[in-house]
Amino acid sequence: MKILPLSFYVRDTKKVAIELLGKLLVRKYRGKTYCARIVETEAYLGVNDRACHTFGDKRTKRTRSMYLDGGHAYVYLIYGMYHCLNVVTRTREHPEAVLIRAAEPVSGFKTIDKKLLAGPGKLCREMKITKKEDGLSLLSERLWIADDGFKVPRSQVKSSPRIGIDYAKEHKDLPLRFHILV
DNA sequence: AGTGAGATGGCCT
DNA sequence: GGCCATCTCACTA
């Protein structure tokens, strides 16, 4: 069980999005440890990607942590009631990130129902991830991603358009969503 | 099985 | 004031 090092995150965002599939997301909160296998991600490619919060180099209070170096968490509130967890990639000169859209429970959860963490809002709700974790290092004690040797053959990785970004005009159909085929 | 609406709040213009 | 990188439940068929 190897914690992913900084060098994993400071790379091409699309590559990171694909290689995060099958990795273990681990969260420690109030004495409990939640562990889940990542099965769906989306790449957000920074200042030139209309779907990305940093499109046009938009530096706001919300996007602040996207301008950290790779290996940090970017967490934001959506629809007033849900949070979304992103993994910041590349360097601070390239505000890009990977949205963790879904995972499957491995340990620490009340159920191992595969639907439990299917969706970015549910994942954050069940893993107790909120704005408090925004900007947190993924080499921290409370939140990290690990490789337990689980292999995902590239032939099992399917790409498709990203979800819920109809406003992104010419970028809305880019195949930047990745998930593991069942 | 598939569609539609409501909840709800921080942040941008 | 209006928009969201969502989820759930109620409704149709």
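Chain identifiers are assigned alphabetically (A, B, ...) following the order of the sequence lines, protein sequences preceding nucleic acid strands; residue numbering begins at 1 within each chain.
- A side-chain donor-acceptor contact under 3.5 Å links A:Thr41 to the backbone of A:Ala17.
- Taking a heavy-atom distance under 4.0 Å as the criterion, the stretch of DNA chain B touched by chain A extends 5' to 3' from B:dA7 to B:dC12.
- Under a 4.0 Å N-O distance rule, the pair A:Glu104/A:Lys114 qualifies as a salt bridge.
- Base pairing in DNA chain B yields stems of at least 3 consecutive Watson-Crick or G-U pairs, both distances under 3.5 Å, namely B:1-7 with C:6-12, B:9-12 with C:1-4.
- Enclosure of atom NZ in A:Lys158 is not indicated, since only 12 or fewer non-hydrogen atoms of other residues, nucleotides or ligands lie within 6.0 angstrom.
- Counted within 6.0 Å of CD on A:Glu93, heavy atoms from surrounding residues, nucleotides or ligands total more than 12; the atom is thus considered enclosed.
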Can you name the atoms? Protein N/O to nucleotides 5-9 of chain C N/O, anything below 3.5 Å, with the distance.
| unit_1 | atom_1 | unit_2 | atom_2 | d |
| --- | --- | --- | --- | --- |
| C:dA5 | OP1 | A:His53 | NE2 | 3.1 |
| C:dA5 | OP2 | A:Tyr167 | OH | 2.6 |
| C:dA5 | N9 | A:Tyr76 | OH | 3.2 |
| C:dA5 | N7 | A:Ala51 | O | 3.4 |
| C:dA5 | N7 | A:His53 | NE2 | 2.9 |
| C:dA5 | N1 | A:Asn86 | OD1 | 2.5 |
| C:dA5 | N3 | A:Tyr76 | OH | 3.1 |
| C:dT6 | OP1 | A:Arg101 | NH1 | 3.4 |
| C:dT6 | O3' | A:Gly121 | N | 3.3 |
| C:dC7 | OP1 | A:Gly119 | O | 3.3 |
| C:dC7 | OP1 | A:Pro120 | N | 3.2 |
| C:dC7 | OP1 | A:Gly121 | N | 2.8 |
| C:dC7 | OP1 | A:Lys122 | N | 3.0 |
| C:dC7 | O4' | A:Tyr82 | OH | 3.0 |
| C:dC7 | O3' | A:Arg125 | NH2 | 3.3 |
| C:dT8 | OP1 | A:Arg125 | NH2 | 2.8 |

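- Rounded to whole Å, the P atom of C:dA10 lies 15 Å from the corresponding atom of B:dT8.
- Distance check on atom P: B:dT13 versus C:dA5 gives 14 Å, rounded to whole Å.
- The 12-atom threshold is exceeded at NZ of A:Lys122, counting heavy atoms of other residues, nucleotides or ligands nearer than 6.0 Å.
- For the ring pair (Phe, Tyr, Trp, His ring centres under 6.0 Å) with A:His53, the lone residue among A:Tyr44, A:Tyr67, A:Tyr76, A:Tyr167 that qualifies is A:Tyr76.
- For A:His171 (side chain) and A:Arg50 (main-chain N/O), a donor-acceptor pair under 3.5 Å exists by modelled atom type.
- The backbone N or O of A:Glu96 lies less than 3.5 Å from no partner atom in the side chain of A:Thr13, so there is not a single donor-acceptor pair.
- Using cut-offs of 30° and 60° on the angle between ring planes, the pair A:Phe109 and A:Tyr34 is tilted.
- When heavy atoms are screened at a 4.0 angstrom cut-off, A:Lys131 is found touching no nucleic acid atom at all.
- Only one option out of A:Leu99, A:Asn86, A:Val98 pairs with A:Glu42 in a side-chain contact (heavy atoms from CB on, under 4.5 Å); it is A:Leu99.
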